[in-house]
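Each chain gets a letter, A, B and so on, in the order its sequence line appears, and its residues count up from 1. Computed from a predicted structure; not experimentally measured.
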Number of protein chains: 2
Amino acid sequence: MESKQITEALRGAGLRVTAPRVTTIGVVAEQPHLQADAIAAEVRKRLGSVSTQAIYDILNALTSAGILRRAAVDGRTSRFELDSGDNHHHIVCTVCGRLEDIPCFEQATPCMHPPKGTGFDIKIAEVLFRGVCADCQTP
Amino acid sequence: MESKQITEALRGAGLRVTAPRVTTIGVVAEQPHLQADAIAAEVRKRLGSVSTQAIYDILNALTSAGILRRAAVDGRTSRFELDSGDNHHHIVCTVCGRLEDIPCFEQATPCMHPPKGTGFDIKIAEVLFRGVCADCQTP
DNA sequence: TCAGTTTTCTGGAATCATTCAAGATTACGG
DNA sequence: CCGTAATCTTGAATGATTCCAGAAAACTGA
């Protein structure tokens with residue numbers, strides 16, 4: 001993701017363009033699925049000191065602006081990735097914690113077509129597979 | 001869920017039958033999707049004082065025994081329900097937080113069949129729909 | 001370009017769910 | 001009914017995240 005695109009994305013969302021924000025988006029674009037503290041570490045490596053609070057503010061702002069997408073995998077931390085609108089899903093290794101993307105195949109995602117009549121106006125479906133990755137399967 | 005069934009479930013899992021455990025299972029059976037603190041409150045209402053730690057121990061023990069199922073909805077708390085093995089999914093209202101069950105339609109648990117070739121040995125699939133419930137849709 | 005306004009960032013403390021640790025109790029097989 | 005291991009209690013700790021108040025910086029319009 002180029003700097004120009006990042007700037008446009010922020011402006012388009014009505015957000016001010018600041019170094020911490022641009023850098024955060026860049027980090028998430030390069031390394032998806034990082035947690036907040038890892039993102040903070042990487043942003044600081046590039047910018048110098050940035051407060052933890054700023055990172056959380058930024059992640060929350062970008063997430064509600066639709067620029068980032070939050071993935072809750074372990075129930076206590078959030079992982080972030082670009083919200084590219086491709087509606088992909090995730091698969092987590094229950095042994096090592098590795099997280100990978102799974103593209104959203106049309107056919108393989110009947111769960112994206114929830115039953116009618118629930119009264120809910122469904123916005124998104126999050127699908128999370130849990131299993132053991134190749135590396136962790138060998139004894 | 002009757003007391004007798006609860007006792008059998010505990011024994012079958014190799015767990016000792018204690019009042020806090022039996023009561024916890026009863027509470028979760030009657031009121032699915034409660035969080036730990038709400039379960040603690042309800043258990044205390046019925047038994048008198050029970051430590052918070054006991055509740056967490058119990059919830060963890062019952063979950064890993066396959067008696068309860070943990071549902072992570074908001075990324076920071078867990079909700080609990082009986083693990084009836086029916087592989088149902090959940091739908092959450094993004095406005096009021098209401099959580100409801102959705103049966104795994106399509107019968108054949110389609111979500112359990114992720115794409116091959118990932119190298120992962122898939123164990124389970126969690127599907128979470130997010131949307132706005134009927135009550136929250138009206139202006 | 002510059003001042004005003006509003007958003008964003010800093011620094012420090014607080015919160016909340018959950019877990020750790022050590023000792024007291026209790027269930028259950030023998 | 002006893003002994004032992006599992007379970008519960010009490011109290012403190014952890015870790016991710018948020019609240020707060022003030023300082024700094026980014027956009028707006030002149």
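The side chain of Q53(A) sits closest to dG12(C) out of dT10(D), dT18(C), dG12(C).
Looking at which nucleotide of DNA chain C each of F80(B) and G14(A) is closest to, the 5′-most match is held by G14(A). If V17(A) and G75(B) are placed on DNA chain D by their nearest nucleotide, the residue sitting closer to the 5' end is G75(B).
Here the C1' atom of nucleotide dA16(D) and the CG atom of L34(A) are 16 Å apart, to the nearest Å. One interatomic measurement links the two molecules: CG of L15(A) to P of dA25(D), which rounds to 19 Å at whole-angstrom precision. Across the protein-nucleic acid pair, D57(B) atom CG and dT9(D) atom P stand 10 Å apart, rounded to whole Å. Residue I58(A) contributes atom CD1, which lies 14 Å from atom P of dT18(D) at whole-angstrom precision. A straight line from CD of Q35(B) to P of dT18(C) spans 7 Å, rounded to a whole angstrom. Straight-line distance from the CZ atom of R76(B) to the P atom of dT19(C): 16 Å, rounded to whole Å. Regarding L10(A), its CG atom lies at a distance of 13 Å from the P atom of dA26(D), rounded to whole Å. When rounded to the nearest whole Å, the span between CG of D74(B) and C1' of dA16(D) equals 13 Å.
Between the side chain of R16(A) and the base of dT6(C), at least one donor-acceptor pair of N or O atoms lies under 3.5 Å.
Salt bridge status for E81(A) with R79(A): absent, with no side-chain N to carboxylate O gap under 4.0 Å. One finds a salt bridge joining K45(A) and E42(A) here, because a Lys/Arg side-chain nitrogen approaches an Asp/Glu carboxylate oxygen to under 4.0 Å.
OP1 or OP2 of dC8(D) has at least one side-chain nitrogen or oxygen of T18(B) nearer than 4.0 Å. Y56(B) has no side-chain polar atom (N or O) that falls below the 4.0 Å cut-off from OP1 or OP2 of dT19(C). Neither OP1 nor OP2 of dA27(C) sits under 4.0 Å from any side-chain N or O of R11(B). Using a 4.0 Å cut-off, no side-chain N or O of T52(A) falls inside it from OP1 or OP2 of dT17(D). Between dA6(D) and R21(B), no contact under 4.0 Å exists linking OP1 or OP2 to a side-chain N or O.
Backbone-only contact: N60(A) has heavy atoms under 4.0 Å from sugar-phosphate atoms and none from a base. Counting any heavy atom pair closer than 4.0 Å across all strands shown, T77(A) reaches sugar-phosphate atoms only and no base atom. Contacts of A36(A) with the nucleic acid, taken as non-hydrogen atoms under 4.0 Å apart, involve only primed sugar atoms and P, OP1 or OP2.
V127(A) is not listed as a side-chain neighbour of I102(A), based on a closest heavy-atom distance of 4.5 Å or more.
With hydrogens and angles disregarded, a donor-acceptor distance shorter than 3.5 Å links the side chain of T94(B) to the backbone of G131(B). Between the side chain of E126(A) and the backbone N or O of R130(B), no donor-acceptor pair lies under 3.5 Å.
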